[in-house]
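In what follows, a structure is listed as C-alpha cells, so that the remarks can point back to it.
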2 protein chains.
Amino acid sequence: MTNIKDIARLAGVSVSTVSRVLNNYKYVANDKRESVLQVIEEMKYTPNKNAIDLIRGETRTIGVILPYNNNPAFDQLLNGILNKALENDFLVTVLPSKYSKEKEMEYLQKLKSKLFDGIIITSRANDWETIIPYSDFGTIVSCEYTPHPEIGCSYMDRYSSFLDAFQLLKNKGHRAVSFTTARLESKSTKQMIDAYHEIFGELPPGYHISDCHCLEDGYGAAKQFLELHERPTAIYANGDEVAGGMYLYAKSQQMKVPADLAIIGQENQPVGIGLGLSTVDHQLTKIGEQACSLVIKKSREKVKIPYRIVERDSV
Amino acid sequence: MTNIKDIARLAGVSVSTVSRVLNNYKYVANDKRESVLQVIEEMKYTPNKNAIDLIRGETRTIGVILPYNNNPAFDQLLNGILNKALENDFLVTVLPSKYSKEKEMEYLQKLKSKLFDGIIITSRANDWETIIPYSDFGTIVSCEYTPHPEIGCSYMDRYSSFLDAFQLLKNKGHRAVSFTTARLESKSTKQMIDAYHEIFGELPPGYHISDCHCLEDGYGAAKQFLELHERPTAIYANGDEVAGGMYLYAKSQQMKVPADLAIIGQENQPVGIGLGLSTVDHQLTKIGEQACSLVIKKSREKVKIPYRIVERDSV
DNA sequence: CTGAAAGCGCTAACAT
DNA sequence: ATGTTAGCGCTTTCAG
C-alpha cells in the first residue's frame, strides 16, 4: 500500500509538501505541485481516511438511530437525511436499534469513539437524561421535540395535528370516530388518545386498535371496527398503508367512501395517492432533511416543521 | 479528551497493559486488570475507533451502493443487509448513487481509502472493468450476477423468473399479455423483453410500458393497456405496488380479477398481500443478507438465491 | 515556499 | 506478566 511518504520520496519533496498539495494549500511552487500530482496519478495513490480522521477529529459521517428499517415512516425520515447528506458530502451510517436500550447506548458510544460527527435519533428507548451526556462528543439531533438545550430538534407538532384531524372529522359531522396506532406504549399513542378525549370526550370500547403497521393490519382493523355494535362512521389511521387496508375492506363490503365510512390516513404515502385517500402529512422527508442540516451545522436549534392535511376523496 | 496514556498513568501501569485489558488479553495480573478497569470506569474512557482502525486496517463497516433510497426493491435489499450486519456487529453506510458514474467511483475510492472493509453494489452505472481494480482494496459483492472472479455475487436468476412468470400466464390460457418495467435502458428491461419473445413471440405495439415505479404508475399503465384495441388479458407488473395500481384501475372499471384481467406482480410487497396479488418473489431480503455475509466472510463466491412464485388470487 | 519533527491515539513486537 | 518502543498514515507547527 503506497502512502504519503512514498509519494514524497518519488516526487523528490517532503511529506508536508505532499500534504499541502493534497489539501490545496496556496503556497506551493507550481513545478513541485505538478510533479507531486503526477506521482499521485502514476501510483494511483489514495490517502488513508482513518489517519486523516484521527488527526482532524472529524469524519463527515452521521449516524442515524432507527428503530426499524423497512418501515415507511422511518424510511421517509432516512430519505430526507440521505438527500441532505449527499448535498453536503456527508456519509450516513444506519444504526438499527429495535428500541433496544443497550443498542442505543452502544451507538452513542460510537459517537464518543469519534466514528461520527453527530447522531440523529429518529426515535428512542432511553431517557434523555442518559442520552444527554453524549452530546459532549458530537451533535445530537432528535426528530421529536425535547426541551433539553443540549439536543437539537427537527420535529412536528404531532399533538396539534391529531387535534386538527379529529376536528376535521367532527366538522364533517362525524361523532363516532375510531382510530388505530402503532406501538401501544409509545408517546405518539398517548397523544392520540389525549387528542381524542379533547375533541370527542369518552373513548367508546373497541374504538382504538394498536399494533397496526401495514395494509393487512388496516384491513383487519376496519373489519373489527365495522363489526362493533356502535359502528364508527370515520376512522383515523396511523399511516396510509393502514388506511389503504381499511379502504379495501370497506370496498369489499360494498361500502362507499366517504359516504358510508370516512377514512383519513397519515404521511402522504404512495398508496394513498393512488387510492385518493385524505391524509395528515407530517412531512417526514423535510424533518429528516432539517435534522441532517442541524448536525452538519453543529446546531442545537429546535426547528418545527409544519404538517399539512391533504384532503382528497376519503373524508 | 482522555486517552489510553491517561488511563495508564492513573492506573499506574503501561499503555500496553491498558491495551491488553481493552482487548481481553489473557496474560494480565488480576489486580492490574481490576485497577485499569476501575480507572476506565471512573474516567468514562472510550477508545478512539479511528486510531484502532488505522492500525488494524479494518473498520467493520460495509458500504452499500444504492441507486435510489426510497424504492421498495432497494429497501428490501438494504433491509436484508442491515439484518445480517447487525447480527455480526458490522456497521453499514448507505451510499446513494442515483446511477451516477462519478458518485460510484467516489464511493469505490472510499473503499480504497480504508473507510470500508467491503462494498455491496446493489446496481451500478459503471462497467465491471472499471470497478474490478478496486477489489484489491476490499471485498466487493454484487447483487447481480457477473462472471468476473474478483466480484462476489448474491443474485437471482432474473431471466428464468421472467420466463416462468410468462409461462404461468400462458399455461392459464393467456395469449395477450402485456408488461411494465422500470428504467427503459436497464438490463432487467432487456431480459424482460427477451423472455417475452421467447414465450410469446412478437411483442404487439403498446404492450410494454416503462418508467413504472409506484401504484399510480400502475394505475395509469393499466388504463393505457385496457384502452388498446387489442386488450391484453393479463399483465406482468414490475412490482406489487405497480400491480396494486393496476388492480385498482381494473376494479374501478368493474372488471373482475383474474377473470377479466389477470395480474401478477413482483417482490411480494405488503400491498400485494393485502390485495391478494400473485407475485414473483425474488427474495430480495435474502439476497441482501447473503451479500452481507459474503463481504463479512471476505468471500467472492457466486451464490444464487432461488426465486419463488407466490400464487394468490390475481392470476 | 519548503522541510524537519512532533504528534493524533492506539497496537504489537521485542525485551525482560 | 509487563513495560519500552516503534510504528499506522497523516497534519501541522515551527524554523528557515
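Side-chain atoms are counted along with the backbone in the values below, which use heavy atoms only and exclude waters and symmetry mates. Sequence lines set the chain letters: A, B, ... in the order given, protein chains first and strands last, and positions in each chain run from 1.
Distances shorter than 4.0 Å separate none of the side-chain N or O atoms of A/Lys49 from OP1 or OP2 on D/dC10. Within the 4.0 Å cut-off from OP1 or OP2 of C/dG9, at least one side-chain nitrogen or oxygen of B/Asn3 is found. When the side-chain nitrogen and oxygen atoms of B/Asn23 are compared with OP1 and OP2 of C/dT11, one or more of them lie within a distance under 4.0 Å. In this structure, B/Thr17 reaches the D/dG3 phosphate: one of its side-chain N or O atoms is under 4.0 Å from OP1 or OP2. Put simply, B/Tyr27 has no side-chain N or O that comes within less than 4.0 Å of OP1 or OP2 on D/dG3. In terms of phosphate contacts, B/Tyr45 brings a side-chain nitrogen or oxygen within less than 4.0 Å of OP1 or OP2 of C/dC10. Proximity of A/Ser19 to the phosphate of D/dT11: a side-chain N or O atom is located under 4.0 Å from OP1 or OP2.
A residue-by-residue look at A/Arg33 and B/Asn48 shows that A/Arg33 has its nearest nucleotide of DNA chain C further toward the 5' end. Mapping B/Gly12 and B/Leu54 onto DNA chain D by nearest heavy atom places B/Gly12 at the nucleotide closer to the 5' end. Both B/Asp31 and A/Val18 lie close to DNA chain D; mapped to their nearest nucleotides by heavy-atom distance, the more 5′-ward contact belongs to B/Asp31.
One can place CG of A/Asn30 at 9 Å from P of C/dC1, the figure rounded to the nearest angstrom. One can place CG of B/Asp53 at 12 Å from C1' of C/dT11, the figure rounded to the nearest angstrom. Computed from coordinates, the A/Ile4 CD1 to D/dG7 P distance equals 18 Å when rounded to whole Å. The interatomic distance linking A/Ile7 (CD1) with C/dG3 (P) rounds to 15 Å, in whole Å. Per the geometry, CD belonging to B/Glu58 stands 13 Å off C1' belonging to C/dT11, to the nearest Å. In this structure, B/Arg9 places its CZ atom 14 Å from C1' of C/dG9, rounding to the nearest Å. Rounded to a whole Å, the CG atom of A/Asp6 is 15 Å from the P atom of D/dG7. Distance B/Lys114 NZ to D/dC8 P: 14 Å, rounded to the nearest Å.
Side chain of A/Lys32, nearest nucleotide from C/dA5, C/dC10, C/dT2: C/dT2. Of the candidate nucleotides C/dT11, D/dA1, C/dC14, C/dC14 has the atom nearest to the side chain of B/Arg20. Of all nucleotides listed (C/dG3, D/dT11, C/dT2), D/dT11 comes nearest to the side chain of A/Val15. Comparing C/dC10, C/dG3, C/dA12 against the side chain of B/Tyr25 picks out C/dA12 as the nearest. Out of C/dC1, D/dT4, D/dT11, the shortest distance to the side chain of A/Arg56 is found at D/dT11. Comparing C/dC10, D/dC10, C/dC14 by their nearest atom to the side chain of A/Ile52 picks out D/dC10.
Contacts of A/Ile55 with the nucleic acid, taken as non-hydrogen atoms under 4.0 Å apart, include base atoms. Using a 4.0 Å heavy-atom cutoff across all strands shown, B/Lys5 reaches no nucleic acid atom at all.
Shown here is A/Glu129, whose CD atom has more than 12 heavy atoms of other residues, nucleotides or ligands within 6.0 Å.
Contact check for A/Val13 versus A/Val18: side-chain heavy atoms found under the 4.5 Å cut-off. The closest side-chain heavy-atom distance from A/Phe137 to B/Met1 is below 4.5 Å. Two residues are said to be in side-chain contact when any heavy atoms from C-beta on lie closer than 4.5 Å; A/Gln76 and A/His282 fail this criterion.
The structure places CG of B/Leu77 at 8.0 Å from OG of B/Ser154, a figure rounded to the nearest 0.5 Å.
Using a 3.5 Å distance cut-off with no hydrogens or angles, the side chains of A/Ser16 and A/Ser14 do pair a donor with an acceptor.
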